[in-house]
Amino acid sequence: MATNRTFTMLKPDAVEKGHVGAIIEKITASGFRIVAMKLTQMTAADAQEFYAIHKERPFFPELVEYMTRGPIVAAILEKDNAVEDFRTLIGATNPADAAEGTIRKLYAASIGENAVHGSDSDDNAAIEGAFHFAGREMF
Ligand code: UDP
Ligand code: MG
């Protein structure tokens, strides 16, 4: 079911480098409404569960280490066609391949440390949003 919502994380590298304000400005200027948002930090168990689909990949241990090393900004965003439009706004996983003006082109350092997460389907957006937020934190 299409909900017009997606889930994002501004990853530890984006927080460390002070890019939170600029990235949120770009997201809201692109027409996304903030449904939920918080600064939080994932435990190793959280990151292993969140990224379980990648657990057999060679980069998995590095991904868990990276995603748990500091705070993230987790958020649920709303817009028509949210999942697809947000993936367009963030750009390709590897910033070297990301289109000009995308968040990853502007702020990501590498394919691993790529500044921002965006859900890849409506189903995953709902699962990922519920992983981070209780119903009373969603507006
Ligand atoms: N990642 C990595 N190396 C890779 C591919 C992915 O370190 O070769 C990391 C990167 O942080 C990426 C995350 O794992 O954002 C999840 O990978 P996915 O393929 O789902 O990319 P995304 O959906 O984030 O664009
Ligand atoms: Mg993905």
Side-chain angles (χ1 to χ4, degrees):
M1 186 189 66
T3 59
N4 296 326
R5 288 185 178 185
T6 192
F7 172 78
T8 187
M9 297 181 286
L10 312 191
K11 297 181 177 183
D13 57 319
V15 176
E16 288 159 9
K17 292 174 182 168
H19 292 146
V20 168
I23 294 172
I24 293 172
E25 169 59 24
K26 194 161 174 65
I27 290 169
T28 55
S30 300
F32 292 88
R33 184 180 78 81
I34 297 167
V35 173
M37 179 171 278
K38 67 182 166 193
L39 193 66
T40 184
Q41 185 165 0
M42 289 199 285
T43 65
D46 291 333
Q48 284 160 3
E49 184 180 343
F50 188 91
Y51 283 113
I53 194 168
H54 295 306
K55 66 175 186 295
E56 306 301 337
R57 309 283 293 277
F59 60 80
F60 188 70
E62 211 176 303
L63 176 60
V64 171
E65 180 70 27
Y66 158 54
M67 288 302 299
T68 59
R69 78 176 185 217
I72 60 166
V73 175
I76 297 171
L77 304 171
E78 188 171 75
K79 181 185 180 296
D80 288 348
N81 202 38
V83 166
E84 189 184 345
D85 287 2
F86 193 72
R87 294 287 304 201
T88 301
L89 179 64
I90 69 177
T93 306
N94 186 345
D97 301 329
E100 287 303 324
T102 60
I103 292 172
R104 282 169 167 167
K105 185 70 172 188
L106 289 165
Y107 300 113
S110 66
I111 189 168
E113 303 212 359
N114 59 4
V116 61
H117 169 82
S119 303
D120 63 5
S121 68
D122 288 328
D123 283 351
N124 283 336
I127 291 166
E128 293 170 359
F131 184 87
H132 282 276
F133 293 99
R136 70 178 182 280
E137 298 176 296
M138 301 177 193
F139 301 91

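Each ligand, and each atom within it, is numbered from 1 in the order the structure gives.
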Item to check | Residue, atom name and distance, where the atom is the protein heavy atom closest to atom 10 (C) of ligand 1 | outcome: I111 O, 3.2 Å
Checklist entry - So which protein heavy atom does atom 7 (O) of ligand 1 come closest to, and at what separation? => result G112 CA, 3.3 Å
Next on the checklist: Can you confirm, on distance only, whether ligand 1 has an N/O atom lying under 3.5 Å from any N/O atom belonging to R104?
Outcome noted: yes
Item to check | K38 side-chain N/O to H132 backbone N/O, donor-acceptor pair under 3.5 Å | outcome: yes
Checklist entry - Hey, is E62 touching ligand 1 through its side chain, its backbone, both or neither, going by heavy atoms under 4.0 Å? => result neither
Checklist entry - If you count the atoms of ligand 1 from 1 in the order shown, which ones are under 4.0 Å from a heavy atom of R87? => result 22 (P), 23 (O), 25 (O)
Next on the checklist: Both conditions, 6.0 Å and 45 degrees, for the charged tip of K55 above the ring of F60: are they met here?
Outcome noted: no
Next on the checklist: Among all the protein's non-hydrogen atoms, which is closest to atom 13 (C) of ligand 1, and how far away is it?
Outcome noted: L63 CD1, 4.0 Å
Next on the checklist: So does A125 get a backbone contact from the side chain of T6, meaning a donor-acceptor N/O pair under 3.5 Å?
Outcome noted: no
Next on the checklist: If only side-chain N and O atoms count, and only distance matters, is there a donor-acceptor pair under 3.5 Å linking D46 with T43?
Outcome noted: yes
Checklist entry - Does A134 offer a backbone N or O that forms a donor-acceptor pair with the side chain of E137 under 3.5 Å? => result yes
Item to check | Closest approach of any protein heavy atom to atom 25 (O) of ligand 1, naming residue and atom | outcome: T93 OG1, 2.5 Å
Next on the checklist: Could you check whether any side-chain N or O of Q41 sits under 3.5 Å from a backbone N or O of T68, counting only pairs where one atom can act as donor and the other as acceptor?
Outcome noted: yes
Checklist outcome for this item: Distance col, row I111:CD1 vs R104:CZ, nearest 0.5 angstrom, shows 9.0 Å
Item to check | Under 3.5 Å: N/O of F59 near N/O of ligand 1 | outcome: no
Item to check | Cation-aromatic face contact K11/Y66, 6.0 Å, 45 degrees | outcome: no
Next on the checklist: Considering non-hydrogen atoms of the protein only, which is the closest contact for atom 19 (O) of ligand 1, and what is the distance?
Outcome noted: H54 CE1, 3.8 Å
Checklist entry - Is M67 near ligand 1, meaning one of its heavy atoms is under 4.0 Å from it? => result no
Checklist entry - Any nitrogen or oxygen of Y51, main chain or side chain, under 3.5 Å from a nitrogen or oxygen of ligand 1? => result no
Checklist entry - Under 3.5 Å between some N or O of ligand 1 and some N or O of N114? => result yes
Checklist entry - M67 versus H117: any side-chain heavy-atom pair under 4.5 Å? => result no
Checklist outcome for this item: ligand 1 to K11, heavy atom cutoff 4.0 Å, flagged ligand atoms 11 (O), 12 (C), 15 (O)
